[in-house]
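Sequential numbering from 1 along the given sequence is applied to the chain's residues. Whatever order the structure lists them in is the order used to number ligands and atoms, beginning at 1.
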Amino acid sequence: MATDVHRPVTPAVPAPAAVRVEGLTRTFDGRPVIDGLRLDVRPGEFVALLGRSGCGKSTLLRVLAGLDRDIEGTVLVPRRKAVAFQAPRLMPWKRVWRNVVLGLPGRPDRAVAERALAEVGLGHRSQAWPKTLSGGEAQRASLARALVREPDLLLLDEPFGALDALTRVTAQRLVAELWQRRGCAVLLVTHDVEEAVLLADRVLVMDEGVIAHEQLVDLDRPRDIADPRFAALRASLLERLGVDAHTALAA
Ligand SMILES: Nc1ncnc2c1ncn2[C@@H]1O[C@H](COP(=O)(O)OP(=O)(O)O)[C@@H](O)[C@H]1O
Ligand SMILES: [Mg+2]
């Protein structure tokens, strides 16, 4: 057949994806919070997700994490994935290292926990009880717990939201370092436009149940917030969020 003759010798292979979501809908009490959403993330890509409070960011993250399966549509994610939430969610009755390996198959392996803790600068706290950790330390323990899963996809839901400004900067640097070292794809939910532009390859804005806007961040790393191009990207995203808020109010 003519179609066979013209078929290329090497068929075009679609680029591999770490995340492929199509037609995703999640409804609560008859109201679609996610409504036909489409999202692709490349392996190793760092994507930040912005959007007004209540627009469905955490719902999307929970779906990608496999914590919510009451959905319609297609969701393809790597088998190895891990999630860290705004609250570190450490079990107070288990020492830090045991928290890190909690839920992993097999016997709790202290060496594995301590390697991950060292990677987040918390090697010296492995024997500590969670209540003795500072906010920043607890958040790092939560990151270590994600890292021991050796994720191809790291899902972060406002992980720095509860930290003070200085600790936040340290934690942002740490995530940037871990991402560069590990090479995993990251989807970071944040309400902080500056944080998104500082860390991500691509910034998405969620609104009305879909990805309403996307912005590539084509700036060298480490990024300089004093760079006029940084300021321009931040301003354009802020405007985008402002416009979205206005639209939402008018609706
Ligand atoms: N388990 C649930 N039951 C009912 N409504 C929910 C549930 N989880 C989330 N929602 C609703 O879905 C919307 C999006 O929530 P969420 O994804 O947490 O928003 P965001 O993380 O963007 O602030 C909100 O209106 C919230 O009340
Ligand atoms: Mg949320």
Side-chain angles (χ1 to χ4, degrees), residues 19-41 46-77 81-90 135-136 138-143 145-146 151 153-165 167-168 171-172 175 185-200 202-215 234 237-251:
V19 174
R20 176 150 291 164
V21 173
E22 264 183 47
L24 174 66
T25 296
R26 175 55 162 116
T27 305
F28 291 117
D29 311 319
R31 187 174 65 94
V33 167
I34 299 177
D35 194 3
L37 183 141
R38 185 196 166 90
L39 167 69
D40 284 297
V41 178
F46 197 131
V47 174
L49 181 63
L50 294 168
R52 70 187 160 76
S53 177
C55 76
K57 304 180 296 296
S58 294
T59 302
L60 175 60
L61 227 78
R62 288 176 49 78
V63 169
L64 296 178
L67 298 170
D68 179 359
R69 296 177 191 274
D70 196 4
I71 55 165
E72 287 166 52
T74 309
V75 175
L76 298 175
V77 288
K81 53 190 174 300
V83 59
F85 299 96
Q86 178 169 355
R89 301 188 179 187
L90 302 174
Q139 199 48 267
R140 280 189 274 159
S142 167
L143 270 177
R145 189 174 47 190
L153 174 65
L154 180 58
L155 300 161
L156 303 173
D157 195 352
E158 309 214 25
F160 321 125
L163 304 179
D164 63 83
T167 314
R168 191 177 172 93
Q172 287 169 343
V175 165
V186 175
L187 184 62
L188 166 74
V189 169
T190 174
H191 57 256
D192 183 336
V193 174
E194 189 164 294
E195 179 170 290
V197 179
L198 195 63
L199 295 174
R202 189 155 57 102
V203 181
L204 309 177
V205 178
M206 194 171 170
D207 190 33
E208 303 281 327
V210 295
I211 305 302
H213 180 67
E214 92 172 330
Q215 173 74 62
R234 182 178 48 197
L237 279 164
L238 276 171
E239 190 184 359
R240 184 79 212 181
L241 285 163
V243 169
D244 287 340
H246 189 260
T247 313
L249 282 176

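- Contact record, Ala146 with Pro151: O-CD, 3.5 Å, taken as the closest heavy-atom pair.
- In this structure Ala196 satisfies the side chain to side chain contact (heavy atoms under 4.5 Å, CB included) test together with Ala48, Leu50, Thr190, Val203, sequence neighbours excluded.
- In this structure, CZ on Arg140 lies 10.0 Å from CG on Leu163, to the nearest 0.5 angstrom.
- Listed for the Arg168 side chain is a donor-acceptor partner under 3.5 Å among the backbone atoms of Phe160.
- Note that the CG atom of Leu187 and the NZ atom of Lys81 stand 13.5 Å from one another [nearest 0.5 Å].
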Can you give the donor-acceptor pairs under 3.5 Å from side chains of residues 66-75 to other protein atoms, not counting sequence neighbours?
| residue | atom | partner | partner atom | Å |
| --- | --- | --- | --- | --- |
| Asp68 | OD1 | Arg26 | NE | 3.3 |
| Asp68 | OD1 | Arg26 | NH2 | 3.4 |
| Asp68 | OD1 | Asp70 | N | 3.1 |
| Asp68 | OD2 | Arg26 | NE | 2.7 |
| Asp68 | OD2 | Arg26 | NH2 | 3.4 |
| Arg69 | NE | Gly66 | O | 3.4 |
| Arg69 | NH2 | Gly66 | O | 3.4 |

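- For the Mg ion (ligand 2), the nearby protein N/O/S atoms, meaning those under 2.8 Å, are Ser58 OG.
- The backbone N or O of Gln86 lies less than 3.5 Å from a partner atom in the side chain of Gln139, making a donor-acceptor pair.
- Under a 3.5 Å cut-off, the side chain of Lys57 and the backbone N or O of Arg52 do form a donor-acceptor pair.
- For the atom pair CZ (Arg62) and CG (Leu155), the distance works out to 12.0 Å, reported to the nearest 0.5 Å.
- At a heavy-atom cutoff of 4.0 Å, ligand 1 is surrounded by Phe28, Arg31, Val33, Arg52, Ser53, Gly54, Cys55, Gly56, Lys57, Ser58, Thr59.
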